[in-house]
Each structure stands twice: as C-alpha cells, then as structure tokens.
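Note sheet for the following structure.
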Protein chains: 2
Amino acid sequence: MADTISVVIVDDHTMVREGTRRILDGEPDISVVGEAGDGTEALALAARLKPDVILLDIRIPLLGGIEVAQRVRGIAPDTKVIVLTAYDDDDYVLAAMEAGTAGYLPKTVRAAEVVDAVRAVAAGETVLHPSIARKIARFWRRGTIQSVAADEVCLTPREMDVLRLVARGLHNRQIAQALTVTVRTVEGHLASIFGKLGVDSRTEAVIYGLEHHWLDLGADDVGG
Amino acid sequence: MADTISVVIVDDHTMVREGTRRILDGEPDISVVGEAGDGTEALALAARLKPDVILLDIRIPLLGGIEVAQRVRGIAPDTKVIVLTAYDDDDYVLAAMEAGTAGYLPKTVRAAEVVDAVRAVAAGETVLHPSIARKIARFWRRGTIQSVAADEVCLTPREMDVLRLVARGLHNRQIAQALTVTVRTVEGHLASIFGKLGVDSRTEAVIYGLEHHWLDLGADDVGG
DNA sequence: GCCGAAATAGGGGTTTCCCTCGATGCGCTG
DNA sequence: CAGCGCATCGAGGGAAACCCCTATTTCGGC
C-alpha cells in the first residue's frame, strides 16, 4: 500500500460528500480520489480507481449500498468498504456484515472517528461503532449471523406483487383485477404471505414490509 | 449586520455538521458560531447567539425542524432560517414556507450553492432551489399556499390515538381494549378518520398517515 | 344558556377479509 | 420420473371490517 490512503466517497447528498471530502483531505495521509452520487457510479469508480477505502451510504439511487458493497468484493477485492449511513436498522447492519464490509458507522459519529476508521480499515482492521457492535453481539448470542440471515423470510415474486398492491391500499378485488387473476388467488397469496411473515392481517403485512424495506411509500425521499 | 455572517448548523448527524462547518468556515465572510444536534439545543443556541443564519435539518430529534423554525421567529426575529434536508416532500416544503423560512435546499446541492444561499438570505433574499420552487409553483397555481394549508385535514387527538394503534397492526377489538372503550367507539373514530382522509380502509389510512409523517414505524432511523 | 365539536355507544346491515379444507398444472431438480 | 415449490382456482363459513342512522354526555365558547 502507498503511504497515502486513497478514498472514494459515495453519497447521493452532494453537500455531505463535499463536507466529508474536506474532512478527509485535511488529513496528510488520506486522499479523496473520487466521489459518486449513486450505486452504478460507485461501481464504475471502484473498478477504475480501486481505492483503498470506500465510504458508502446505504440509501443511494440506482443501486442499493448493500449491493454495491457485494459487487465491490468482486471487482476490487483489496478495497475496504466502510458503511457510513443514517440508518442503523438490524437488517441493514446484518446485510452489510454479510456483504463483507470492513466497517459500519452511523452518521452521528464525529469526524475524527471517521478519519480513524479509514486508517484502521486501510490497515486491515474491522471497525464497528459501539452501538452497531451491540446490535451484532445481540444477534450473535442468538446463534450466529448466518442463521439470522437464514431465517430471513423470502416472499415469491408473485407474493411481492400482491404485497406491493396491498401496500397501496387496494382491496383484494382490485388487486385481482390488476394482476388479472381471481380474488381467490389473491387470498391464497395473502394467506401464504401472512404465514411467512407471522402476521394475521394485511395491515400488519404492510407494516412488516415497510419496516424491512421491501416496500416504500412511492413518495418520501428515496435518496434524494 | 456585521461584515461576517454568523451561522448555526443544526443536524443530528455529527459528520454532516462538521463537514458543513468546514465548508462554511472556508469562506472569509462566514463564521460558524455554533452547532446543534437536536431541536431543543437548536432553540437554545438561537436564543443565546441570535445568529444571522441557521442551517436547519428537518428530521431532528426532540423537536421537529419545522417547529424549530416557527419558534425561532419568536425568539430571534432577525435570524434567517435555511432548511437543508434530504426530504423534499410537499408537506415539508409547504410547512417550512409557512414557518417563515428564508430558504429550502435539498442536500443534493453543491457546497457552493449552500454558501451562496447563506449570503443571499443574510442579505434579505429568499432562496429556493429550482426543484423546490417548482413544487411551490404547482401549489400556487392551485390556489395559493394558504388554501393548501387550510384544506389540510386535522384529526382529533382521539382519532390520532386510534390511527396510531391501527398503524401498529392492531384489530379494532385490541384497539378498543387498549383505549378502554368499546369496539363501536373505535369503529366510530375510524369512520370519522376515513371521511377526513378520503379513504375507505384502515390500510389506506395508515399509508396516508405515514406519507404525511403523522406516524412513524416505531423503528427506522428517525433523523434522516 | 344554547350551540357545536368531540367522545362515547348502539342497532342493523353489507362487504371484505381471513381460515380450512381442498384441487390442478407447470417447471425444476435430484 | 418422482417429488417439490409455485401459481392458479374452488367451496364454505366465521369473523372482522365498514356503512348509515341515531343518541347521550361533556366541554368550551359566544
């Protein structure tokens, strides 16, 4: 490795990117070599620059941060990824861990901690913010992260179709029309969904889907 | 008005605050005099420092950004507020306008634009990002912002109680128990809610509440 | 002191939802 | 090929949910 650590910053908020850049460029041993505002851009930069470290936000357009992290392993195996995000849901943290990231920090940390984290992962260490580490530990005690990921329920594509329409407030009859099937089929899928999610009403299913980021409200910020 | 513009930065993400601070402190005519990580802290700083400009995030703990903006008018009338946030929902934009803010910028803008905005509002101008301005214009054409705000439905406290429980997936029977009333009463409140929101199912009502930020999913990040 | 809004609650009805039994065909995999 | 998951439907029934109308009490305001 060179004596200066090359870093790429990925965040859809330009303000945040530029602020982070100034923080890191203020360090003599760190050099920001690129910025990306969405997932595909991030992968392109990773492939071209193969930086030592990528600071990666989770909620970015075009490609989710988790997927970016996974693919970076393939295209730039020596690049370490630090997830730096506002979101610290269990799902995000676990998914990031499985994607082989070298660190996970909430955006509430101080700048100095991020600088330290960059140096640490560049040196081969793993950096978890205490609050995140606690989360992990909790799951670990419950039987390893793998098993947590395994018990992750998985709806079929058709079931997702149904759930998405339920989450838009449609009745079974309307869903049936939208999917050109009978109401009975919709009910069948819903029964299956309820079973998998461990709920017993459409409203609970929608809540579950929103909490696990399977659905979004069509509006809201969506990385922008 | 001094020759240097005093600025307070409000954001719950320390990283973002420090990055923004470095951007602004790099300007000779701008001086960051304080940072706050939540709403109450922001008001305390506003009262004590009476800065020329406050850069304010919307989703902050303890007190929402909109409410902070409203109160700042009372405690520091000469202070201009620029909303700088990841969220650009109609509701947020309109609420911010009504709260008397001097600008509204998405976090996707470049640092230079924020710097310009700070100077502009300090000079008494109003700064709207083009994307935000379009939003406003759309509502304006539909009959002024006031009327939009007026047709804003308003649930009674009891109706909000019911809606919150509905949004947690409870059945009417469970809601009735939780509120120590009969199922009929819950149905009555729900009927009233449906009428006000213009929907006809509990699921739609929950979606409406989430989209308008009346509800949150209990989890998620809460702090944008 | 009356009026309106909110909260409470009931009667009686229709619709939708949800469950428990099934069944068929289709594609993939061991 | 023999399963197995997936998607598609059906019957029948009980339980919620939702709708329209009415009624009481309470409380704050003019």
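The sequence lines fix the lettering, A, B, ..., with proteins before strands; numbering per chain opens at 1. From a predicted model like this one, the values you see are computed outputs, not experimental measurements.
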Would you mind reading off the distance between [X] atom [atom1] and [N] atom [atom2], rounded to a whole angstrom?
X	N	atom1	atom2	result
B/M160	C/dA7	CE	P	12 Å
B/L170	D/dA15	CG	P	20 Å
B/L190	D/dA16	CG	P	15 Å
B/H189	C/dA9	NE2	C1'	10 Å
A/H171	C/dT15	NE2	P	13 Å
A/N172	D/dC18	CG	P	12 Å
B/Q174	D/dA16	CD	C1'	11 Å
B/L179	C/dA9	CG	C1'	14 Å

Has the side chain of [X] got a donor or acceptor atom that lies under 3.5 Å from a matching backbone atom of [Y]?
X	Y	answer
A/Q174	A/H171	yes
B/T203	A/G169	no
B/S6	B/D52	yes

Q: Describe, in one word, how the ring planes of B/W214 and B/H212 are oriented to each other, choosing from parallel (under 30°), tilted (30 to 60°) and perpendicular (over 60°).
A: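 The rings of B/W214 and B/H212 sit tilted, inter-plane angle from 30° to 60°.
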Q) Do any side-chain nitrogens or oxygens of B/T182 fall under 4.0 Å of OP1 or OP2 in C/dG10? A)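 Affirmative; the distance criterion is met.
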Q. Does the side chain of B/T156 get closer than 4.0 angstrom to OP1 or OP2 of C/dA6 through an N or O atom?
A.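 Checking B/T156 against C/dA6: no side-chain N or O falls below 4.0 Å of OP1 or OP2.
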Q) Any side-chain heavy atom of B/M15 within less than 4.5 Å of one from A/L105? A)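 Answer no - side chains too far apart.
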So, for [X] and [Y], which heavy atoms are closest and what is the spacing to 0.1 Å?
X	Y	result
B/V127	B/A117	CG1-CB, 3.9 Å
A/L43	A/V68	CD2-O, 3.8 Å
A/Y104	A/V93	CE1-CA, 3.6 Å

Q: Go through A/R158 and A/L179 one step at a time and tell me if the side chain to side chain contact (heavy atoms under 4.5 Å, CB included) criterion holds.
A: CA-CA 9 Å; A/R158 205 53 167 167; A/L179 300 179; 3.8 Å; yes
Q: Check each of A/D89, A/D88, A/L94 against A/Y92 using the side chain to side chain contact (heavy atoms under 4.5 Å, CB included) test, and report the only one that passes.
A: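 Testing each of A/D89, A/D88, A/L94 against A/Y92, the sole residue satisfying side chain to side chain contact (heavy atoms under 4.5 Å, CB included) is A/D89.
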**Q.** Single hit among A/V186, A/I175, A/V162 for side chain to side chain contact (heavy atoms under 4.5 Å, CB included) with A/V181
**A.**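 Option passing the side chain to side chain contact (heavy atoms under 4.5 Å, CB included) with A/V181: A/V186.
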Q) Of the nucleotides C/dT8, C/dC19, D/dA7, which has the atom closest to the A/E187 side chain? A)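 The listed nucleotide nearest to A/E187's side chain is C/dC19.
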Q. Which nucleotide sits closest to the side chain of A/E159: D/dA17, D/dA7, C/dA7?
A.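 The closest nucleotide is D/dA7.
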Q: Name every residue in residues 193-208 of chain A that has at least one heavy atom under 4.0 Å from any atom of DNA chain D, in order of residue number, or write none if there are no such residues.
A: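 Under 4.0 Å from DNA chain D: no residue of residues 193-208 of chain A.
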**Q.** From CA spacing to verdict: salt bridge (Lys or Arg N to Asp or Glu O under 4.0 Å), B/D57, B/K107
**A.** CA-CA 9 Å; B/D57 192 12; B/K107 276 185 180 168; 3.6 Å; yes
Identify all pairs in which a protein N or O lies below 3.5 Å from an N or O of nucleotides 22-30 of chain D, and state each distance.
none

Q) What does A/T185 touch in the nucleic acid at a heavy-atom separation under 4.0 angstrom: a base, only the sugar-phosphate, or nothing? A)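 The answer is base, as A/T185 lies within the cut-off (heavy atoms under 4.0 Å) of a base atom.
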Q: For each nucleotide in nucleotides 20-30 of chain C, reading 5' to 3', give B when a protein heavy atom comes within less than 4.0 Å of its base, S when such contact involves only the sugar-phosphate, and - otherwise.
A: -----------
